Amino acid sequence: MVDEAHERSISTDIILGLLKKIRRKRPDLRIIISSATLQAKEFMDFFMRSSDDQASKGNGDAKDAAATIVSLEGRTYPIDILYLESPAEDYVEKVINVVFDIHTQESEGDILVFLTGREEIDNALEAVAERMAGLDARYGPLMPLPLYAGLSSEQQMYVFDKPPDGTRKVVFSTNIAEASVTIDGIVFVVDTGFVKLRAYNPTTGIESLTATPISKAAASQRAGRAGRTRPGKCFRLYTEQSYQTLPEANVPELQRSNLAPVILQLKALGIDNVIRFDFLSSPPAELMSKALELLYALGALDEYAKLTKPLGSRMAELAVEPMMAKTLLSAQSFGCLSEILTIAAMTTLSGSVWFHHDGERKKMETSRRKFAVEEGDHLTLLNAYQAFVTKGKKEAKFCHENNLNYKSMTRAVSIRAQLKRYLERFSINVDETLAGQASSSSSVDNTKKAEQIRRCLTAGYFAHVARMQPDGTFRNVEGGTVLYAHPSSLMFNRKADWVIFHEVMETGSKIFIRDLTKIEKAWLLEYAPEFYKVADRPG
DNA sequence: GAGCACTGC
């Protein structure tokens with residue numbers, strides 16, 4: 001049974017393609033796909049139409065492929081949908097007006113507001129607090145609460161509390177409340193019609209994260225959050241006319257992502273001809289070729305696009321992105337496997353490692369500087385982890401004092417252990433005793449070890465390279481794209497020359513690189529000669 | 001001077 005297939009995530013799309021393939025050998029296999037009503041037919045058509053391979057073999061038996069749509073009545077109560085008569089100029093401002101209108105004019109019941117991100121949510125909370133002061137005494141107070149993934153779980157739990165009598169709860173949430181988190185007692189939904197969506201540009205290799213209009217399917221999912229306990233209302237902060245222009249369904253994640261991990265996984269499952277794979281919706285050819293190029297450059301695929309052994313098949317098994325997988329599998333030869341294991345675990349969580357309460361931003365920066373390592377962010381993360389694991393029972397206190405997210409740090413420990421088990425399965429042994437001794441005499445201060453780590457990172461991240469300009473901004477290797485060190489990086493406002501980075505992302509008007517480490521230009525030619533033979537420019 | 005959500009045990 002494949003649930004929530006209409007969300008079109010990479011994993012459900014891939015598994016549907018695989019199941020269709022498996023059904024050719026296992027016609028007795030019954031597959032249940034649950035999805036929103038609107039998309040049901042698309043899934044049925046996918047399973048009914050014969051794939052290319054099937055047609056050529058002439059065994060596309062229509063009876064075997066028979067599929068049925070079974071409709072189940074939802075258990076939700078009726079929901080009134082209301083639209084704006086004219087478009088809103090500033091939807092955050094509009095949100096506040098609508099929240100107060102609901103509070104003063106509608107019956108009891110909590111409110112759920114969909115916004116796009118943390119910044120908007122913080123602004124909305126502030127605006128509600130301001131407006132509350134002027135609220136007529138005959139109305140009870142509002143209890144505004146934030147909800148987004150970046151909050152600690154303790155902070156997230158508040159949204160489930162029942163408000164005191166006479167108080168109305170207003171939850172300002174990101175898309176996390178659309179499907180992942182369900183709050184009971186919501187009677188009113190305010191839908192701004194936007195969501196922040198990741199997209200990957202195969203020409204530049206840059207990901208973007210931008211506010212995008214939602215689909216009709218998402219709009220109905222959001223509205224449905226109002227009718228879980230009794231009839232509700234959904235206020236859409238756009239006109240009915242703009243609603244009609246929205247796309248029916250979400251753009252499948254496979255059509256807007258870096259496909260390198262997907263292709264690696266398909267190859268590992270024995271699907272060599274990934275171009276001919278029976279996708280529910282085919283990804284653009286540019287995404288495919290960009291991913292194949294990267295995997296070839298990393299050595300995971302040979303010149304016939306076959307998975308290499310053992311490198312490619314091992315990379316596919318590791319639950320980290322291909323560039324980090326390559327780094328991990330190179331680490332033994334650089335003599336820094338224990339350290340790279342930690343760095344791999346920490347970078348997967350790097351966004352949530354540092355933690356601060358309201359108004360404690362300065363304190364967090366001071367804490368972070370305590371662990372700072374001149375050579376860059378990866379070594380700084382390693383340093384913080386090594387300090388954490390030596391604290392034993394005092395780990396939680398240590399985190400609290402140093403603005404480290406305890407939950408993230410314990411997760412890093414478990415991810416590291418998991419990655420280590422993978423490597424041991426490949427008979428790659430991790431010598432922790434040596435690393436332990438080194439760390440007690442502060443291995444990170446050891447410049448030789450640091451250089452091994454930086455070289456090893458270059459062997460995996462040679463495609464993510466930038467050079468700092470005299471003005472402090474960075475340029476990519478081609479030279480055309482201006483990149484900024486993310487403010488969370490040590491290289492923000494510091495001098496550097498060549499760096500590798502973990503991630504590049506465009507938000508707002510700037511392109512940020514995150515998790516930077518200084519490298520030598522010569523290492524690029526040493527570890528990725530073919531990749532840089534063409535791309536290299538004088539200087 | 002700042003990032004939506006999800007996943008790996």
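Numbers restart at 1 for each chain; the letters A, B, ... are given by sequence-line order, proteins then strands. Side-chain atoms are counted along with the backbone in the values below, which use heavy atoms only and exclude waters and symmetry mates. All values reported here derive from a predicted model rather than from experimental measurement.
Each salt bridge (charged side-chain N to carboxylate O under 4.0 Å, His left out) pair with one or both residues in residues 2-13 of chain A, not counting sequence neighbours, appears once here: A:R8-A:D13, A:R8-A:E42.
Protein atom CD1 of A:I511 is 17 Å distant from nucleotide atom C1' of B:dG1, rounded to whole Å. In this entry the distance linking CD of A:E207 with P of B:dA2 reads 19 Å, nearest Å. Protein atom CE of A:M505 is 21 Å distant from nucleotide atom P of B:dG1, rounded to whole Å. Separating the CD atom of A:E506 from the C1' atom of B:dA2 is a distance of 15 Å, rounded to the nearest angstrom. Note: CG (A:L147) to P (B:dC6) measures 9 Å, nearest angstrom. Note: CZ (A:R8) to P (B:dC6) measures 20 Å, nearest angstrom. In this structure, CZ of A:R118 is placed 13 Å from C1' of B:dG1, rounded to the nearest angstrom. Atoms CZ (A:R369) and C1' (B:dG1) sit 12 Å apart, rounded to a whole Å.
Counting any heavy atom pair closer than 4.0 Å across all strands shown, A:E503 reaches a base atom.
At a cut-off of 3.5 Å, with distance as the only test, no side-chain donor of A:E253 or A:S257 sits close to an acceptor on the other residue.
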A:R118 and A:D122: CA distance, side-chain angles, deciding distance, salt bridge (charged side-chain N to carboxylate O under 4.0 Å, His left out) verdict: CA-CA 6 Å; A:R118 181 190 178 147; A:D122 289 345; 3.7 Å; yes
Strand DNA chain B in bracket notation, Watson-Crick/G-U under 3.5 Å with | for pairs to another chain: .........
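The side chain of A:Q418 has B:dC9 as its nearest neighbour among B:dA2, B:dC9, B:dC6. Among the nucleotides B:dA2, B:dA5, B:dC9, the one closest to the side chain of A:F512 is B:dA2. Distances from the side chain of A:I176 to the nucleotides B:dG8, B:dG1, B:dA5 place B:dA5 closest. Distance from the side chain of A:T348 is smallest for B:dG8 among the nucleotides B:dA2, B:dG8, B:dC6. Comparing B:dC9, B:dC6, B:dG1 by their closest approach to the side chain of A:P487 singles out B:dG1.
Regarding contacts with the backbone of B:dA2, every side-chain N or O of A:T507 stays at 4.0 angstrom or more from both OP1 and OP2. The side chain of A:Y422 contributes no N or O atom lying less than 4.0 Å from OP1 or OP2 of B:dG8. The side chain of A:T174 contributes an N or O atom lying less than 4.0 Å from OP1 or OP2 of B:dA5.
Between A:R421 and A:A149, the residue whose closest nucleotide on DNA chain B is further toward the 5' end is A:A149. Nearest-nucleotide positions on DNA chain B for A:V195 and A:V320 put A:V195 closer to the 5' end.
Classification of the A:F388-A:F398 ring pair by plane angle, with boundaries at 30° and 60°, yields tilted.
For A:K216, the NZ atom sits in a packed shell: over 12 heavy atoms of surrounding residues, nucleotides or ligands are nearer than 6.0 Å.
You'll find the ring centres of A:Y91 and A:F194 inside the 6.0 Å limit.
With hydrogens and angles disregarded, no donor-acceptor distance shorter than 3.5 Å links the side chain of A:N402 to the backbone of A:L404.
A side chain to side chain donor-acceptor pair (under 3.5 Å) with A:S338 is found for exactly one of A:Q386, A:Q332, A:R416, namely A:R416.
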